[in-house]
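Remember, it's 1-based here, ligands and their atoms both numbered in the order they're listed.
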Amino acid sequence: MEIKEYVLSRKKKLFETIKVMKTKPHLAILQVNDDDATNAYIKGKMKDADELGVLVTHLKLPVETKECEILKVVESLNNDDEIHGFIVQLPLPKHVDSEKIRVAINPKKDVDGFHPLSTLKACTPRGILDYLKHLKVDLVGKNAVIIGRSFIVGRPMAKLLIDESANVTVLHSKTKREDMYNFLEMADIVVVAVGQKWLLNDDHTFKETAIIIDVGLSRVDGVLYGDVQPGRNVFLQTPVPGGVGLLTRLALFENLVEIMKNEI
Ligand code: NAP
């Protein structure tokens, strides 16, 4: 099943779950910038919320907001009983320590699953793993190569795949080029989360049976690109756009509903 169809069918199920909930889930989105890409991501999330019957409070602060002011808003969201979960939309301005904000969020309300004590899976890795499971991909003993080691994608993805008994290798900007070629040649599953247009391209060889999950997003001259050049000779390559972004958006609302179920 294509990602779009898969997401649509899960959204329908989620809609039915939310429809019968006594209290409607209420998500808050805290935004601290006004760039076009962030506005577009939030617009997408608000559209999903509307379709799913989820209430949304969108708080938009100017880009020059001080870190201590952002922390105050986070604290007020932590203490607001009307809000079941919230996200602080990334990227944050350069003068803000994202790490401080990440750990200030109450783990019980951390819909993104970024807090070290969060019991929820981070949205992008959750979305990817659920999709792989839906495709009935056997991960046990498979070679999984993850490119990127961020706290929001690479690291939580590695943990989830280790938990599924895959053999996990995490590569990053300090990985030697020739090593990257060798790891990729052996990979059964590749998850790329870098943000560099077509980092993986004709220079790289993959198994014909490989699955490539392209998380990366970069905009060049207004056009959106993934980390992987389209048309690799593999079993499955997720598209950009219309791929992992949809899985991430779905996982966000699945996490929100999970928070409410945990509360009950
Ligand atoms: P990030 O925090 O900037 O991390 C990027 C990672 O890529 C770092 O670990 C970095 O290594 C590594 N890297 C950079 N250049 C490299 C190279 N030439 N070779 C190998 N590794 C390299 O980014 P992120 O937040 O994880 O996001 C990554 C990308 O995914 C971005 O394009 C973002 O927009 C996209 N994204 C998409 C979704 C979605 O739903 N579609 C969700 C989240 C993120 P070092 O650690 O050594 O610096």
message = Yes or no: does R249 have any heavy atom under 4.0 Å from an atom of ligand 1?
response = no
ask   = Considering only the protein, which heavy-atom contact is closest to atom 8 (C) of ligand 1, and what is its distance?
value = R149 N, 4.0 Å
remark   = In terms of heavy-atom contacts, V56 and A49 come closest through CG2-CB, 3.2 Å
query = By number and element, which atoms of ligand 1 are closer than 4.0 Å to a non-hydrogen atom of G148?
reply = 6 (C), 7 (O), 9 (O)
key: Any side-chain donor near an acceptor of the partner, K60 and N39, under 3.5 Å   = yes
inquiry  = List ligand 1 atoms under 4.0 Å from A193, heavy atoms only on the residue side.
reply    = 5 (C), 6 (C), 7 (O), 28 (C), 29 (C)
remark   = A student checking ligand 1 against L199 at a 4.0 Å heavy-atom cut-off should list atoms 18 (N)
ask   = Of all the non-hydrogen atoms in the protein, which one sits nearest to atom 39 (C) of ligand 1, and at what distance?
value = T248 OG1, 3.8 Å
request  = Any atoms of ligand 1 less than 4.0 Å from a non-hydrogen atom of M180? List them with their elements.
outcome  = 19 (N), 20 (C)
note = Here the gap from F183 atom CZ to T175 atom OG1, rounded to the nearest 0.5 Å, amounts to 7.5 Å
task = List in chain and number order the residues that pass side chain to side chain donor-acceptor pair (under 3.5 Å) with T23, two or more places apart in sequence or in another chain; answer none if no residue qualifies.
result = none
query = Below 4.0 Å from any atom of ligand 1, is there a heavy atom belonging to S218?
reply = no
query = Strictly under 4.0 Å, does any heavy atom of G154 approach an atom of ligand 1?
reply = no
query = Tell me, which protein residue and heavy-atom name are nearest atom 13 (N) of ligand 1, and how many Å apart are they?
reply = V194 CG1, 3.7 Å
message = By the definition salt bridge (charged side-chain N to carboxylate O under 4.0 Å, His left out), identify the one residue from K108, K109, R126 that meets it with E258.
response = R126
task = Could you tell me whether atom 15 (N) of ligand 1 has at least one protein heavy atom nearer than 4.0 Å?
result = yes
key: Contact partition for T175 relative to ligand 1, non-hydrogen atoms under 4.0 Å   = neither
note = With V96 as partner, the option from E67, K66, E69 fulfilling side chain to side chain contact (heavy atoms under 4.5 Å, CB included) is E67
R10 with D130: basic N within carboxylate O range, under 4.0 Å = yes
message = At less than 4.0 angstrom from any non-hydrogen atom of G195, what atoms of ligand 1 do you find?
response = 29 (C), 31 (C), 32 (O)
query = So, are E99 and R102 salt-bridged, with charged N and O less than 4.0 Å apart?
reply = yes
ask   = Which ligand 1 atoms, with their elements, are less than 4.0 angstrom from a heavy-atom of I147?
value = 20 (C), 21 (N)
inquiry  = Using a 3.5 Å cut-off on N or O atoms only, is K174 in polar contact with ligand 1?
reply    = no
key: Between NE2 on residue H134 and CD1 on residue I3, distance to nearest 0.5 Å   = 9.5 Å
Per-atom contacts, ligand 1 versus I152 - under 4.0 Å to a heavy atom = 25 (O)
ask   = Of all the non-hydrogen atoms in the protein, which one sits nearest to atom 21 (N) of ligand 1, and at what distance?
value = H172 C, 3.2 Å
request  = Would you check if the side chain of N255 reaches a backbone N or O of V111 as a donor-acceptor pair within less than 3.5 Å?
outcome  = yes
inquiry  = Whether E164 and K133 form a salt bridge (side-chain N of Lys/Arg under 4.0 Å from carboxylate O of Asp/Glu) is what I want to check.
reply    = yes
Salt bridge flag under 4.0 Å for residues E16 and K19 = yes
query = Can we say R232 and D202 salt-bridge, meaning some charged N sits less than 4.0 Å from an Asp/Glu carboxylate O?
reply = yes
inquiry  = Give me the residue, atom name and distance of the protein heavy atom closest to atom 10 (C) of ligand 1.
reply    = S173 N, 4.2 Å
note = Nearest non-hydrogen protein atom to atom 42 (C) of ligand 1, with distance, is T124 OG1, 3.3 Å
ask   = Taking everything shown except Y6 itself, do over 12 heavy atoms lie less than 6.0 Å from its OH?
value = yes
query = Is V215 in contact with ligand 1, taking contact as a heavy-atom separation below 4.0 Å?
reply = yes
query = Would you call L171 a ligand 1 contact, heavy-atom distance under 4.0 Å?
reply = no
ask   = Which residue owns the protein heavy atom closest to atom 4 (O) of ligand 1, what's the atom, and how far is it?
value = S150 CB, 3.9 Å
ask   = At what distance is the nearest protein heavy atom to atom 33 (C) of ligand 1, and which residue and atom is it?
value = L217 N, 4.3 Å
